[in-house]
Peer 1: 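Before anything else, here's the structure in question.
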Amino acid sequence: MDSCRNGCLILALVALLCLSVSASPNVLSEADKKFGTELLIKSEGSVSTLEEKYQLLRSFQVLGIRREELITCSEVEAVLMSSTSVKDLFYASKCGETLLCSFQESALKTTVSRLLSSLDNTEALLDIHFSLGTLAFLKVQFPVALNDPVSIFQKIKVLSAEDGSWKYNPDDAGTSAKAAGTALETMGDLISLAGQAFDDAKIRYLKGVASKLFEFLEKYDDGTQFIDERPLDGLYGGGGPLAATSQVVKGVAVVASHTSGHIEVPAERVISVAKFFLTAGIHGSLLDMFHVLDGLGVLDKNRFLVPVILSVRPSVLSLSAKEVFKISTTTVLGSPVSATITLRKAVRANEKEPFLLNQVLESDETKGVHNLNDILNKLDIGSYDLTFKVKILEEGRYATEPITIRRVLVTGVASIPEVEVGVLDSDTGSTDYVKRWNPMSKEVVSLYATHLQKLYFGLDILSPRQEQFIPQAFLKLKHETKVEHLFLLKPSGKKLELSLNLLGLVEKLNYLSGIYTIDLIVGDVAMENPVMWNLGTVELDLPEPPEGKVKLTSQAESPFKYGPRPEITHMFRPAEKRAPPTLSNTFLALTLVPLLGFLVGLKLLNTNMKNFPSSGLPVLAALLFHLGIGSILGLYALFWLKLNLFQTLKLLALLGTVLTVPGYYILSHLADASAPKVKSA
Amino acid sequence: MTSAAGNVKVLFSSLKSTYVATPMKLKIVNLYVFCTLCTAVIQVVFVALVGSFPFNGFLSGFLSGMGTIVQAVCLWMQVIPKNKEFKELSLERAFADFVLTNLVLHLIIMNFL
């Protein structure tokens, strides 16, 4: 019940996420496949075990390539005949399946009987999985009959847990979803071997397990979902979330392929799992690539649900190269799927008003590609969010996100007709000198300004559609001594402007007078032609620096700016002055003198110990009392020397309790002894 | 002058004779207080000579003396035969209180040391 509710919550959240910030990975393109193939060929030399060889073969298979150099059918047959490890037999049979080998019954009779007997003796999920997998492959070649399929089914079922996860062995402490995926794959193989033993109830049970497995999916922030690896999985091969998710998907696919009818799987979760594999991509180790490709291979063609991904190519469109948008709906590996796509709206990034609404895209049915040509003459440079609505023609087999948003960047050539350069009077603002710098002629300007004036720079930038466009623009003033200062041009109205009030800048410029070269730098992510223009020079006449302020030369400045800083050594506080040891020891002795004085005084006063009990229990109590007090004082000494407060308190509690008994006894004894005396007094 | 000196002498001798009459227990407590005070004074002299580092050591020693003096004075008050407030509490009970409070004080002093 709880998991259902959580599942619904997650569904709703993910649906929301899909509409906002979600990953929009691309399907595997031809370039990606080629890159993957190259990586795999490079790692061919380093594989040695059968498992690795199978992983390589399967990866090639998904990419659409046959490689027979890795292992031949006769080598596979040799392994199948002679090997005693069920794991090796399994991977050999998987290699054989990928290579489409065929074998004779006579050669593999002993193998089959060995496998059947090992099935009877084992309780471990992985052993059953390997044995049944091998037998299922061999059944394709020649008839294979199981001894007791129902007992094998029970053996697998007994390892399941309440929440739908599985164990690998009966004595495992934890369970995992990956093990459940393995169990599903094993039971799928069992159905293919002994379908008649599976009645409707068992099939329904299996489909329920498959549906429930999707509730174990966890989410990343970008909307992709995956099955996480549990500590248990680490003991039985590991492989991380890629391996776990791929195994679960495989398990569901195998069950779907061997049963008829429908398995209830939530469509958007399958799509999120597809996105998970696509964002993982083809790079990393051979093992990671194998899991990604295996998972994608299953998601590309299966009988439960095939996710369909919308791709918009290119994601960066160049107007100057006259590129066009091609939108396609394909499976994860790139096979086209027929659908109708509507462009719901196109909005410039950071704006609210869409400039295009509800346009059905014309499609090229044979290639599954749709065109978006009408939009091109309305596009200007910048970023756009395109919202698409997809409707697949074959709803039952395929699933896709109904609404997707894709961000595209359109680049183009911006034009700057001229740059206005001027020197203005600080107080009045009137122009003393103004020049229009033309990028065509590149005629440099020569300015002269004092600290009482202002420098002014302004420019207009136009996009390819002659609209106003605001990129990033900087002005660099560089002195002869190579000291540089950067200023940012800010948009005001329709122009980009910079007004430098030299009076305020005198200090920043370090009172350095002289000739500065002026460079203008303009660029943007959407601009294909960034520029750095030398506008000319300006001779600045600045006043002398005031007393005490050192005029930093460039040599002094640059090591500080970019070179290493001086090392900071920590200055510790100087130690406090202590008394000389002789003085301290003298006073220690002096402190003990009053104690001696106390004892002498007691003697002088003629004190006695007559009340000290002489015999029997009181003696013991009195002795214990004094010993107790002494021991507590000893404990305090230890506290000072070694122990911490907690240990002391514990011991003190103990000693204190021990002390109270004799103390109470002796004191009450004395009280009783002296009571008649008091009464008489 | 001589009368003043003579008066002081008479004063001292009358004090001395009265003091002899006090009970033994009180004399012991008075002696204890006096000796502890001496110890505290010696510590103050040391600090005056050398400076107050480490301050917590000085404080714990000095306050140990002061604390135990205060407790001894409380014991004295409870033991004195002429007291009217503590008649129902026995001497032994007062002494047990003295011992207990001293132990607690010294635990805290040791922690501070």
Side-chain angles (χ1 to χ4, degrees), chain A residues 575-580 583-584 586-602 604-608 610-611 625-626 628-629 632-633 635-641 643-645 648-649 652 655-656 659-660 663-664 666-675 677-678 681, chain B residues 19-20 22-55 57-58 60-62 64-65 81-82 87 89-100 102-113:
Chain A
E576 297 276 347
K577 227 164 38 125
R578 301 292 296 261
L583 191 63
S584 310
T586 320
F587 267 92
L588 179 67
L590 264 180
T591 323
L592 293 173
V593 162
L595 180 65
L596 290 173
F598 181 64
L599 294 173
V600 163
L602 284 180
L604 280 177
L605 284 173
N606 294 325
T607 57
N608 53 49
K610 286 203 197 111
N611 244 350
F625 181 62
H626 286 90
I629 295 184
I632 290 186
L633 294 176
L635 173 69
Y636 289 164
L638 260 185
F639 175 34
W640 182 41
L641 290 172
L643 305 173
N644 62 41
L645 186 62
T648 316
L649 282 177
L652 181 66
L655 284 174
L659 181 66
T660 42
Y664 181 72
I666 186 65
L667 285 172
S668 53
H669 174 84
L670 281 175
D672 294 333
S674 64
K677 279 196 239 165
V678 168
Chain B
Y19 193 66
V20 169
T22 56
M24 179 59 73
K25 290 197 169 73
L26 289 175
K27 281 194 207 160
I28 298 175
V29 175
N30 288 339
L31 180 64
Y32 177 71
V33 168
F34 179 67
C35 290
T36 316
L37 195 61
C38 286
T39 318
V41 163
I42 291 174
Q43 286 181 54
V44 171
V45 166
F46 181 69
V47 163
L49 276 181
V50 171
S52 68
F53 186 81
F55 195 53
F58 160 66
S60 61
F62 185 69
S64 152
K82 290 208 204 85
K87 270 227 170 73
L89 289 173
S90 63
L91 302 174
E92 281 70 26
R93 168 70 194 274
F95 181 66
D97 283 341
F98 174 72
V99 167
L100 184 66
N102 250 322
L103 287 177
V104 172
L105 172 74
H106 282 93
L107 173 70
I108 295 166
I109 290 296
M110 280 308 198
N111 192 26
F112 194 53
L113 191 64

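What you are looking at is a predicted structure, and each value in this text was computed from that prediction instead of being measured. Chain identifiers are assigned alphabetically (A, B, ...) following the order of the sequence lines, protein sequences preceding nucleic acid strands; residue numbering begins at 1 within each chain.
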Peer 1: Going by the rule side chain to side chain donor-acceptor pair (under 3.5 Å), which residues pair with Y32(B) if we only count those two or more places apart in sequence or in a different chain?
Peer 2: T68(B)
Peer 1: Calculate, to the nearest 0.5 Å, the distance between atoms CG and CE belonging to L641(A) and M110(B) respectively.
Peer 2: 8.0 Å
Peer 1: Does some side-chain heavy atom of F587(A) sit less than 4.5 Å from a side-chain heavy atom of L49(B)?
Peer 2: yes
Peer 1: Might you point out which heavy atoms bring V104(B) and Y636(A) nearest each other, and give the distance in Å?
Peer 2: N-OH, 4.3 Å
Peer 1: Taking the side chain as every heavy atom from C-beta outward, state whether L103(B) and L659(A) have any atom pair closer than 4.5 Å.
Peer 2: yes
Peer 1: Quick one: pull up CG in L31(B) and CZ in F598(A) and give me the separation to the nearest 0.5 Å.
Peer 2: 5.5 Å
Peer 1: Return the minimal non-hydrogen interatomic distance between P594(A) and C38(B), and the atom names on each side.
Peer 2: CG-CB, 3.8 Å
Peer 1: In terms of heavy-atom pairs under 4.5 Å, which option from I666(A), T660(A), L602(A) contacts chain B the most?
Peer 2: L602(A)
Peer 1: At a heavy-atom distance under 4.5 Å, which candidate from V41(B), T36(B), L113(B), L107(B) has the highest pair count against chain A?
Peer 2: L107(B)
Peer 1: In terms of heavy-atom contacts, does CZ of F95(B) have more than 12 from other residues, nucleotides or ligands at under 6.0 Å?
Peer 2: no
Peer 1: Need one label for F34(B): side chain, backbone, both or neither, based on atoms under 4.5 Å from any heavy atom in chain A.
Peer 2: neither
Peer 1: So, for L667(A) and A96(B), which heavy atoms are closest and what is the spacing to 0.1 Å?
Peer 2: CD1-CB, 3.5 Å
Peer 1: Excluding sequence neighbours, so at least two apart, what forms side-chain contact (heavy atoms from CB on, under 4.5 Å) with L643(A)?
Peer 2: L635(A), L638(A), Q647(A), T648(A), L651(A)
Peer 1: Against chain A, label I109(B) side chain, backbone, both or neither, depending on which of its atoms sit under 4.5 Å from a heavy atom there.
Peer 2: neither
Peer 1: Using non-hydrogen atoms only, which part of L590(A) is less than 4.5 Å away from chain B: side chain, backbone, both, or neither?
Peer 2: both
Peer 1: Measure distances from V99(B) to the heavy atoms of chain A and classify the residue's part below 4.5 Å as side chain, backbone, both or neither.
Peer 2: side chain
Peer 1: So for L595(A), is it side chain, backbone, both, or neither that comes closer than 4.5 Å to the heavy atoms of chain B?
Peer 2: neither
